[in-house]
Amino acid sequence: QVQLVESGGGLVQPGGSLRLSCTASGIIFSSATMAWYRQAPGKERESVARINNGGLTNYADSVKGRFTISRDNTKNMVYIQMNSLKPEDTAVYYCTKLYPTAWGQGTQVTVSS
């Protein structure tokens with residue numbers, strides 16, 4: 001059974017930083033493509049960043065240059081470092097395994113002064 005557990009969300013001021021972490025179990029993590037999605041109130045869930053088993057990354061245009069996704073296959077963990085946060089980054093962030101898709105429970109990120 002796939003289990004994805006996120007941590008690290010919270011309240012941060014505009015321009016600040018947060019790092020989200022996700023611990024995966026029940027999968028062969030080193031072979032998995034992992035991603036972070038987010039869903040803001042009243043909006044559809046959207047892809048933020050993804051990293052494949054070879055370490056190749058892809059980012060949404062809205063976060064390029066500000067967010068960095070990474071993984072540690074020795075710990076079965078995936079991270080997203082979020083810098084220069086903006087109020088429009090406020091959302092519930094989900095750790096995701098792709099192909100097939102599995103979701104974590106989500107962690108709230110609020111960017112506000």
Side-chain angles (χ1 to χ4, degrees):
Q1 180 179 351
V2 179
Q3 190 170 17
L4 304 170
V5 179
E6 302 99 334
S7 61
L11 173 64
V12 63
Q13 292 187 342
S17 298
L18 277 177
R19 189 177 83 150
L20 306 182
S21 301
C22 171
T23 302
S25 59
I27 62 173
I28 303 173
F29 184 80
S30 59
S31 299
T33 294
M34 302 298 296
W36 289 93
Y37 280 67
R38 68 185 180 187
Q39 187 166 20
K43 295 188 176 182
E44 293 187 355
R45 194 172 295 189
E46 62 175 357
S47 176
V48 176
R50 61 180 60 189
I51 183 167
N52 72 5
N53 59 354
L56 185 65
T57 59
N58 181 269
Y59 297 92
D61 287 344
S62 59
V63 307
K64 280 182 181 176
R66 299 189 298 123
F67 290 13
T68 303
I69 189 171
S70 61
R71 64 191 297 159
D72 185 340
N73 289 342
T74 67
K75 297 180 179 179
N76 283 13
M77 295 189 73
V78 61
Y79 310 94
I80 188 162
Q81 177 68 42
M82 305 184 294
N83 299 329
S84 303
L85 283 162
K86 306 175 181 180
E88 51 263 43
D89 295 317
T90 295
V92 177
Y93 284 71
Y94 297 90
C95 177
T96 312
K97 174 200 164 295
L98 300 178
Y99 318 125
T101 302
W103 301 96
Q105 82 285 357
T107 186
Q108 177 70 46
V109 172
T110 302
V111 184
S112 175
S113 55

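The stretch residues 48-90 participates, sequence neighbours left out, in no ring-ring contact (aromatic ring centres under 6.0 Å, His included) pair at all.
With sequence neighbours excluded, no residue forms a salt bridge (Lys or Arg N to Asp or Glu O under 4.0 Å) with K43. Every residue two or more places apart in sequence or in another chain was checked for a salt bridge (Lys or Arg N to Asp or Glu O under 4.0 Å) with R45, and none qualifies. A search for ring-ring contact (aromatic ring centres under 6.0 Å, His included) contacts involving Y37 returns W103, not counting sequence neighbours.
A distance of 12.5 Å separates CD1 of I69 from CD of Q81, quoted to the nearest 0.5 Å. Atoms OH and CD1, from Y93 and I80 in turn, are 7.5 Å apart once rounded to the nearest 0.5 Å.
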Donor-acceptor list for residues 5-17 side chains, cut-off 3.5 Å, not counting sequence neighbours:
unit_1, atom_1, unit_2, atom_2, d
E6, OE1, Q105, N, 3.2
E6, OE1, Q105, NE2, 3.2
E6, OE1, G106, N, 3.0
E6, OE2, C95, N, 2.8
E6, OE2, G106, N, 3.1
S17, OG, N83, OD1, 2.9

Would you mind writing out the side-chain donor-acceptor pairs for residues 22-35 within the sub-3.5 Å range, not counting sequence neighbours?
none

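Salt bridge D61/K64: present, at least one basic N to carboxylate O contact under 4.0 Å.
Put simply, L4 and Y94 are part of two different groups of oily side chains (I, L, V, M, F, W, Y) that touch within less than 4.5 Å, one to the next. Linking Ile, Leu, Val, Met, Phe, Trp and Tyr whenever their side-chain heavy atoms come within less than 4.5 Å puts V63 and L85 in one cluster. Cluster annotation: V2 is connected to I51 through the hydrophobic network of ILVMFWY side chains, with a link wherever side-chain heavy atoms come within less than 4.5 Å.
Closest approach of A91 to A40, counting heavy atoms only: CB-N, 3.8 Å. M77 and S21 make their closest contact through CE-CB, 3.8 Å (heavy atoms, listed as atom of the first residue, atom of the second, distance). For V92 against Q108, the heavy-atom pair with the smallest separation is CG2-OE1, 3.3 Å.
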What do the steps show when you test S62 against R38 for side-chain contact (heavy atoms from CB on, under 4.5 Å), and what is the final call? CA-CA 12 Å; S62 59; R38 68 185 180 187; 3.4 Å; yes

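In terms of modelled atom types and a separation under 3.5 Å, the side chain of R50 and the main chain of T96 share no donor-acceptor contact.
Looking at heavy atoms from C-beta onward, M82 lies out of side-chain contact with D89 at the 4.5 angstrom threshold.
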